[in-house]
Amino acid sequence: MFIILLIAFTPFSADKIEIYKEGDESIVHLIGNVVIEGEGTKITCSEASISETMGYVRLIDEIRLMDKNGVVSAKRALYYFNENRGYLNDSVTIVTANERMLSDSLYYDGKSDSVEMYGHVQIEDERNNMFVSSNRGWYNLARDEGVLYGNPELKIIREDKDPITVYARAFKLLTRDNLFMGFDSVQAIIDSISVFCDTFSYNLNTEHGEMIRPTIREKNNELKGTAGKFSLKDKEMDLLSVVNGQSIYHTEEGSENVVEGSSIEISFHEGKATTIRVEGQPKGILNMRRRQEDAGD
């Protein structure tokens, strides 16, 4: 009767089945080519122990948990069918329609379609050539969005160039919208340009971004503002603009010049600054360095 009830609620198959008591628990031990199915969920693994009393299953080796959100793989797991949640560890991988995620361990909540990841966390968005790593993360698989904490680092891979690299205290990923945001002590490195700001957002599809309180440095040139926007073209800097801005730039002759205005815009060609436009009560200091006269004149 016990086997009939168990099969009715939790269909399973395996090469070998052992049924025994362990204390107050009734255990069904499945060995070899294990398949367990629940409502909307299918699990395969090498070995499993189902506790009919406690309502959980312990899974060992070659684990694959499949549902509408994708496939979760690991070497060890504890899963509660009634609550549709589980704890997985040891080489955990999630594969969805848009991402591949890796972590040392993971808490999976099927009811809220979310996961919490711990250890060496990495999210790979190969569609946008974006890779994010951190020590901890949360992700909603249904909405395709998440947050990464713990010294996160984001890279956008470019062909024949160094990657665009962004550091922050936390990243929010809106994968479905091709958008990411960095928060608190953000640093972005794009070729010779370094951006420091409070918040940083970038659309991987349109190649447009926004910044709050940016300081932008390129060699010994600097641009500051209370807010700013930027755009890339083929993953190279194309345009930078700030409001309530100040720009310090140096000429080839070695002079240092300062310009200020309610709006400052810098245009780029092949990743190099070519034009500065200042609007809104512009003012500045131009230090014109005179060419040194020949000592014999």
Side-chain angles (χ1 to χ4, degrees), residues 35-36 40-46 59-79 84-183 188 200-207 235:
V35 179
I36 306 171
T41 302
K42 181 179 179 180
I43 295 173
T44 63
C45 61
S46 297
L59 310 167
I60 300 174
D61 289 336
E62 299 180 359
I63 301 164
R64 287 169 61 85
L65 190 156
M66 294 158 276
D67 64 12
K68 64 183 185 298
N69 295 313
V71 180
V72 186
S73 304
K75 293 184 179 179
R76 298 286 186 274
L78 180 66
Y79 188 80
N84 198 15
R85 62 182 175 89
Y87 303 87
L88 300 93
N89 58 69
D90 200 347
S91 303
V92 182
T93 303
I94 305 173
V95 179
T96 70
N98 295 316
E99 305 91 17
R100 182 171 178 263
M101 309 177 197
L102 303 94
S103 64
D104 291 342
S105 61
L106 176 147
Y107 168 69
Y108 177 83
D109 187 340
K111 289 185 177 180
S112 64
D113 296 315
S114 64
V115 296
E116 294 180 19
M117 299 169 284
Y118 303 92
H120 294 90
V121 177
Q122 183 166 316
I123 296 180
E124 302 172 357
D125 178 2
E126 294 186 353
R127 179 184 55 177
N128 291 306
N129 290 321
M130 183 180 74
F131 301 84
V132 195
S133 59
S134 71
N135 296 328
R136 183 180 177 186
W138 169 89
Y139 204 88
N140 185 286
L141 300 169
R143 297 200 303 266
D144 256 351
E145 65 180 61
V147 179
L148 294 179
Y149 308 93
N151 302 314
E153 176 183 315
L154 184 150
K155 290 183 180 293
I156 302 170
I157 305 303
R158 301 183 293 176
E159 188 175 354
D160 300 326
K161 285 181 173 291
D162 289 337
I164 296 171
T165 305
V166 187
Y167 304 93
R169 295 285 180 88
F171 284 111
K172 184 171 184 178
L173 309 180
L174 300 171
T175 307
R176 191 173 297 172
D177 297 325
N178 301 295
L179 179 69
F180 75 81
M181 292 173 280
F183 300 97
F200 181 98
S201 65
Y202 181 64
N203 188 301
L204 294 145
N205 188 27
T206 64
E207 296 192 274
K235 295 186 172 64

Report the distance from atom [atom1] of [X] to atom [atom2] of [Y], rounding to the nearest 0.5 Å.
| X | Y | atom1 | atom2 | value |
| --- | --- | --- | --- | --- |
| I36 | C45 | CD1 | SG | 5.5 Å |
| Q122 | R100 | CD | CZ | 8.0 Å |
| I123 | S103 | CD1 | OG | 9.5 Å |
| S201 | F183 | OG | CZ | 8.5 Å |
| L179 | N205 | CG | CG | 11.0 Å |
| F200 | M181 | CZ | CE | 12.5 Å |

Do K155 and E153 sit within salt-bridge range, that is, some charged N less than 4.0 Å from a carboxylate O? yes
Please lay out, stage by stage, how F180 and D125 fare under the test side chain to side chain contact (heavy atoms under 4.5 Å, CB included). CA-CA 11 Å; F180 75 81; D125 178 2; over 6 Å; no
With a 4.5 Å cut-off on side-chain heavy atoms, are [Y] and [X] touching?
| X | Y | answer |
| --- | --- | --- |
| V92 | L102 | no |
| R158 | D160 | no |
| N89 | L106 | no |
| T44 | I63 | no |
| S134 | V121 | yes |
| L59 | I43 | yes |
| R127 | T175 | yes |
| L65 | V71 | no |

Verify side-chain hydrogen bond (donor to acceptor under 3.5 Å, both in side chains) between Y139 and E99, making sure each step is shown before the conclusion. CA-CA 11 Å; Y139 204 88; E99 305 91 17; 3.0 Å; yes
Suppose the criterion is salt bridge (charged side-chain N to carboxylate O under 4.0 Å, His left out): which pairs have a residue in residues 161-173, not counting sequence neighbours? K161-E236, R169-D184
If I compare all heavy atoms of [X] with all of [Y], which pair ends up nearest, and what's the gap?
| X | Y | value |
| --- | --- | --- |
| Y149 | A170 | CD2-CB, 4.2 Å |
| I164 | K235 | CD1-O, 4.0 Å |
| L88 | A77 | CG-CB, 3.8 Å |
| P163 | I157 | CB-CD1, 4.0 Å |

Just checking, any donor-acceptor pair under 3.5 angstrom between side chains of [X] and [Y]?
| X | Y | answer |
| --- | --- | --- |
| D144 | N98 | yes |
| N128 | N178 | yes |
| N140 | D113 | no |

For R64, is the CZ atom crowded, meaning more than 12 foreign heavy atoms sit under 6.0 Å from it? no
Counting heavy atoms not belonging to R136, are there more than 12 under 6.0 Å from its CZ? no
Sorted by first residue and then second, give each ring pair (Phe, Tyr, Trp, His ring centres under 6.0 Å) pair with at least one member in residues 106-133; sequence neighbours left out. Y87-Y107
Could you walk me through whether I156 and Y202 pass side chain to side chain contact (heavy atoms under 4.5 Å, CB included), step by step? CA-CA 11 Å; I156 302 170; Y202 181 64; 3.9 Å; yes
Sequence neighbours left out, what passes side-chain contact (heavy atoms from CB on, under 4.5 Å) with K75? Give chain and number order. D61, D90, S91
Walk me through whether N84 and Y79 qualify under side-chain hydrogen bond (donor to acceptor under 3.5 Å, both in side chains). CA-CA 7 Å; N84 198 15; Y79 188 80; 2.3 Å; yes
State whether the side chain of D109 and the backbone N or O of K111 hold a donor-acceptor pair below 3.5 Å, judged by distance alone. yes
Verify, without hydrogens or angle tests, whether D104 (side chain) and G119 (backbone) share a donor-acceptor contact under 3.5 angstrom. no
Start with the C-alpha distance between D177 and E145, add both sets of side-chain angles, then the distance that settles side chain to side chain contact (heavy atoms under 4.5 Å, CB included), and finish with yes or no. CA-CA 9 Å; D177 297 325; E145 65 180 61; over 6 Å; no
